[in-house]
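Beneath this line is the structure, given in structure tokens, with notes to follow.
Letters A, B, ... are given to chains in the order of the sequence lines, protein chains preceding strands, and every chain is numbered from 1.
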There are 2 protein chains.
Amino acid sequence: MVFIADDDSSVCKGLGRLIKSAGFKVETFVSAEEFLQRKPYRGGPSCLVLDVRMPGLSGIELQKELVQKGVSIPIIFITGHGNIPMSVKAMKDGAVDFLPKPFDDKELLSAIDRAIDKSAQLRKKETEKAKLQRRVNTLTPREYECLRWVITGMLNKQIAHKLGITEKTVKVHRGRVMHKMQAVSVADLVRFAQKCGITSPKK
Amino acid sequence: MVFIADDDSSVCKGLGRLIKSAGFKVETFVSAEEFLQRKPYRGGPSCLVLDVRMPGLSGIELQKELVQKGVSIPIIFITGHGNIPMSVKAMKDGAVDFLPKPFDDKELLSAIDRAIDKSAQLRKKETEKAKLQRRVNTLTPREYECLRWVITGMLNKQIAHKLGITEKTVKVHRGRVMHKMQAVSVADLVRFAQKCGITSPKK
DNA sequence: TACCATATTGGACTAAGGTCCAATTTACAA
DNA sequence: TTGTAAATTGGACCTTAGTCCAATATGGTA
């Protein structure tokens with residue numbers, strides 16, 4: 001799925017035809033605001049072909065909005081009146097490409113391929129993280145505490161001392177953590193924790 | 001440490017003065033080839049201020065060379081006659097910034113700060129990886145095999161079966177691995193292996 | 001050939017991890 | 001007040017992990 005946002009509706013139409021002919025689904029918007037209205041797309045990898053200069057919210061501002069809102073959709077900028085600082089800023093903020101008009105159809109399609117690849121990777125990572133996060137959310141506060149200590153590699157005895165409880169209790173919490181996280185080993189747990197950004201307390 | 005490569009020696013001089021006054025050590029080169037001759041700098045975080053267009057090897061080509069050789073030094077491009085595709089390519093290839101002349105001194109110095117920060121991070125990661133890699137290199141082939149299985153979280157019994165040996169032998173190898181890798185727990189081992197890119201065999 | 005690194009295994013033992021069943025306490029909500 | 005989730009602990013028991021000492025086998029090197 002490729003989204004196009006350009007205030008010139010004839011550009012939208014033209015690009016839409018081109019991109020559809022390459023086998024993508026397309027949806028067009030004539031302003032940044034209109035794109036923001038759209039409910040987040042969840043149907044598969046997607047990217048956004050975005051005009052830099054538009055009345056109202058500009059393409060660059062829309063990118064900033066999206067980054068800030070945590071919407072991770074790869075962006076390809078197109079522009080008729082761009083300059084170097086603008087392109088550099090867009091790239092720094094994670095754009096996949098920045099194409100000054102006129103550009104070859106091939107160039108755009110190649111950029112879209114890369115953007116879609118990137119989107120697929122992002123989505124894979126995010127869904128995995130979300131799955132793990134759902135498991136983490138089922139942990140009680142104490143179980144979560146234990147998890148953070150367990151992934152340091154500390155012994156039950158030591159964790160018990162840290163928490164001011166008995167080794168026995170740690171074993172119980174730990175067992176529940178393993179079960180709820182669907183981890184078969186500490187190695188799993190370490191990797192899970194890393195993937196969803198769980199930090200270890202300092203010893 | 002800041003390196004400057006620009007074919008115009010007066011530019012080198014001027015930038016050199018500016019950057020020195022900001023508290024950095026500076027070394028200048030009047031061609032890409034001259035910079036490549038220099039032995040790799042190991043004294044601390046560093047970056048390269050690079051002119052895009054130079055006789056002989058261009059700045060963009062030098063960047064490509066460095067990336068390909070695995071020399072990870074953050075690059076800030078400066079140019080008098082740049083264009084958007086050029087800046088986009090440079091940024092895609094990892095440049096920290098791309099400044100068309102004329103630029104403010106502040107802009108350059110700010111970019112240098114970011115580049116030096118990035119360099120410090122890179123160096124930290126690389127030295128840590130090298131340290132771990134040296135430990136890995138002391139492992140015998142069989143010990144390395146065991147390491148790869150251990151970090152999957154598999155039981156000694158299961159690893160033994162995979163290798164066609166007894167559980168007892170696995171314990172011995174495993175003990176030596178822990179010792180040589182200076183790991184106190186499997187959790188450590190998992191993190192070490194991740195940091196130096198050791199892959200697990202598929203079960 | 002004698003030596004050395006590597007790989008393998010056994011015995012004996014200690015410590016650590018993990019589980020099942022059962023029980024108590026506390027805090028908060030219906 | 002009753003109920004529920006969370007936290008805590010004990011006992012009994014089994015499985016794993018890890019270590020020390022000792023021994024054997026193999027392949028390559030000085």
Side-chain angles (χ1 to χ4, degrees), chain A residues 132-194 196 198-203, chain B residues 132-194 196 198-203:
Chain A
L132 292 173
Q133 196 57 54
R134 277 197 299 280
R135 295 181 192 168
V136 170
N137 291 338
T138 69
L139 299 178
T140 69
R142 202 53 158 174
E143 283 162 1
Y144 184 75
E145 239 0 64
C146 279
L147 167 58
R148 296 178 67 213
W149 285 109
V150 168
I151 58 175
T152 68
M154 214 172 264
L155 299 180
N156 288 340
K157 194 184 297 185
Q158 302 171 303
I159 298 173
H161 183 254
K162 283 288 169 198
L163 298 179
I165 56 182
T166 63
E167 184 183 347
K168 186 58 209 290
T169 312
V170 174
K171 283 188 181 180
V172 174
H173 288 318
R174 188 171 177 157
R176 295 206 183 110
V177 168
M178 296 293 286
H179 182 254
K180 287 183 177 178
M181 294 300 295
Q182 298 175 42
V184 192
S185 62
V186 183
D188 281 345
L189 219 51
V190 172
R191 276 184 288 263
F192 289 173
Q194 172 140 48
C196 51
I198 294 176
T199 62
S200 313
K202 55 175 176 294
K203 62 166 185 176
Chain B
L132 292 173
Q133 195 55 54
R134 276 196 301 277
R135 295 181 192 167
V136 170
N137 291 339
T138 68
L139 298 178
T140 68
R142 203 55 159 172
E143 283 162 0
Y144 184 76
E145 266 317 276
C146 280
L147 167 58
R148 295 178 68 212
W149 286 107
V150 168
I151 57 175
T152 67
M154 214 172 264
L155 299 180
N156 289 340
K157 193 185 298 186
Q158 301 171 303
I159 299 173
H161 183 254
K162 284 288 168 196
L163 297 179
I165 55 181
T166 63
E167 183 183 348
K168 188 56 210 293
T169 311
V170 174
K171 283 187 181 182
V172 173
H173 288 317
R174 187 170 177 157
R176 295 206 184 109
V177 168
M178 296 295 285
H179 181 254
K180 287 183 176 178
M181 294 299 295
Q182 297 175 42
V184 257
S185 62
V186 182
D188 280 346
L189 218 52
V190 172
R191 276 184 288 264
F192 289 172
Q194 172 139 50
C196 51
I198 294 176
T199 62
S200 312
K202 54 177 177 295
K203 61 172 181 177

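- The phosphate of D/dT9 (OP1 or OP2) has a side-chain N or O of A/Thr169 nearer than 4.0 angstrom.
- Rounded to a whole Å, the CG atom of A/Leu189 is 10 Å from the P atom of C/dG18.
- The shortest side-chain heavy-atom distance between B/Trp149 and B/Ser200 does not fall under the 4.5 Å cut-off.
- Between the CD atom of A/Glu143 and the P atom of D/dA5 there is a distance of 13 Å, given to the nearest Å.
- Within the 4.5 Å cutoff, the side chain of A/Lys162 has heavy atoms near those of the A/Met154 side chain.
- The phosphate of C/dG17 has OP1 or OP2 within less than 4.0 Å of a side-chain N or O from A/Asn156.
- Distance CD1 (B/Ile159) to P (D/dA17): 8 Å, rounded to an integer number of Å.
- Counting only distance, with no hydrogens or angles, the side chain of A/Lys180 and the backbone of A/Thr138 share a donor-acceptor pair below 3.5 Å.
- The nearest whole Å value for the distance from the CZ atom in A/Arg174 to the C1' atom in C/dG17 is 7 Å.
- Remark: A/His173 is in phosphate contact with D/dT8, judged by side-chain N or O atoms under 4.0 Å from OP1 or OP2.
- The residue among A/Met178 and B/Gly164 whose nearest nucleotide of DNA chain C is located toward the 5' end is B/Gly164.
- Nearest-nucleotide mapping onto DNA chain D: of A/Glu167 and A/Lys180, the residue sitting toward the 5' end is A/Lys180.
- For B/Arg142 and B/Lys171, each mapped to the nucleotide of DNA chain C holding its nearest heavy atom, the one lying further toward the 5' end belongs to B/Arg142.
- Residue contacts shown for B/Thr166 are limited to sugar-phosphate atoms, with no base heavy atom under 4.0 Å away.
- Put simply, the side chain of B/Glu143 gets close to the backbone of B/Thr140: a donor and an acceptor are under 3.5 Å apart.
- The CZ atom of A/Arg176 sits 8 Å away from the C1' atom of D/dA7 (whole-angstrom rounding).
- Taking 4.0 Å as the cut-off between side-chain N and carboxylate O, B/Arg148 and B/Glu145 count as a salt-bridged pair.
- One interatomic measurement links the two molecules: CD1 of B/Ile165 to C1' of D/dA25, which rounds to 15 Å at whole-angstrom precision.
- Here the side chain of A/Lys168 is nearest to one of D/dA17, D/dG10, C/dA7, namely D/dG10.
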